[in-house]
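Values below: every heavy atom of this structure, side chains too, minus hydrogens, waters and symmetry copies.
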Amino acid sequence: MPMASPQTLLFCLLFLVTTEGWGQQAAIPGCHLHPFTVTVRSDRQGTCQGSHVAQACVGHCESSAFPSRYSVLAASGYRHNVTSISQCCTITGLRKVKVQLQCGGGQREELDIFTARACQCDMCRLSRY
């Protein structure tokens, strides 16, 4: 049986790699608005409730870790031997939206909730809001 040339093998491998992901949605780098449905209830019994499509911030941001420079090591008493830098996908703007709540007896109520208006990669914080 004849052997395939290296160019043919490379072409076949590239073809398999590029067609493998066609059926799947590729992850988009960065930080983006992402819709999700939120259900709001007026109380624990669900006397009044309604749903609304809100926006969240979802995505991937850059991070890195590297050995600290000598000046950082010396200033920290040789305890800070790794320096890391990271960013998190963060809500940078909010918008208030009204949710229509359906209540028993055909009554309606209105409630304000917040949804993300803008997102970006920014400094990571434990609690921002």
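Residues F36, V40, V97, V99, L101, L111, I113 make up the rest of the hydrophobic cluster containing V38, defined by ILVMFWY side-chain heavy atoms closer than 4.5 Å, directly or through other members. Residue V53 shares its hydrophobic cluster (ILVMFWY side chains chained together at separations under 4.5 Å) with no other residue. Clustering of Ile, Leu, Val, Met, Phe, Trp and Tyr by side-chain heavy atoms under 4.5 Å joins I85 with F66.
Among pairs with a residue in residues 52-79, none fulfils salt bridge (charged side-chain N to carboxylate O under 4.0 Å, His left out), at least two apart in sequence or across chains. Counting only residues at least two apart or on different chains, no salt bridge (charged side-chain N to carboxylate O under 4.0 Å, His left out) pair has a member in residues 48-59. Applying the salt bridge (charged side-chain N to carboxylate O under 4.0 Å, His left out) test to every pair with at least one member in residues 85-99, sequence neighbours left out, gives these pairs: K98-E110, K98-D112.
When every heavy atom of M123 is checked against every heavy atom of T90, the shortest pair comes out as O-OG1, 4.3 Å. In terms of heavy-atom proximity, C121 sits nearest to Q87 at CB-OE1, 3.6 Å. Considering all non-hydrogen atoms of both residues, L33 and R117 come closest at CD1-O, 3.6 Å. H80 approaches S68 most closely through the heavy-atom pair O-OG, 2.9 Å.
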Trace of the disulfide bond (SG atoms under 2.5 Å apart) decision for C57 with C89: CA-CA 6 Å; C57 292; C89 187; 5.1 Å; no
Stepwise, does the side chain to side chain contact (heavy atoms under 4.5 Å, CB included) test hold for Q120 with C31? CA-CA 6 Å; Q120 74 178 29; C31 179; 5.6 Å; no
Candidate pair C88 and C61, rule side chain to side chain contact (heavy atoms under 4.5 Å, CB included), full reasoning: CA-CA 6 Å; C88 294; C61 302; 5.6 Å; no
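Panel note: side chain S76, backbone V72; a donor-acceptor pair is recorded below 3.5 Å. Put simply, the side chain of S86 never gets that close to the backbone of S63: no donor and acceptor are under 3.5 Å apart.
The line from CG of N81 to CG of L73 is 6.5 Å long, rounded to the nearest 0.5 Å. One distance of note links CD of Q102 with OG1 of T47; it measures 13.5 Å at 0.5 Å rounding.
If you check the side chains of T37 and S51, you find no donor sitting under 3.5 Å from an acceptor.
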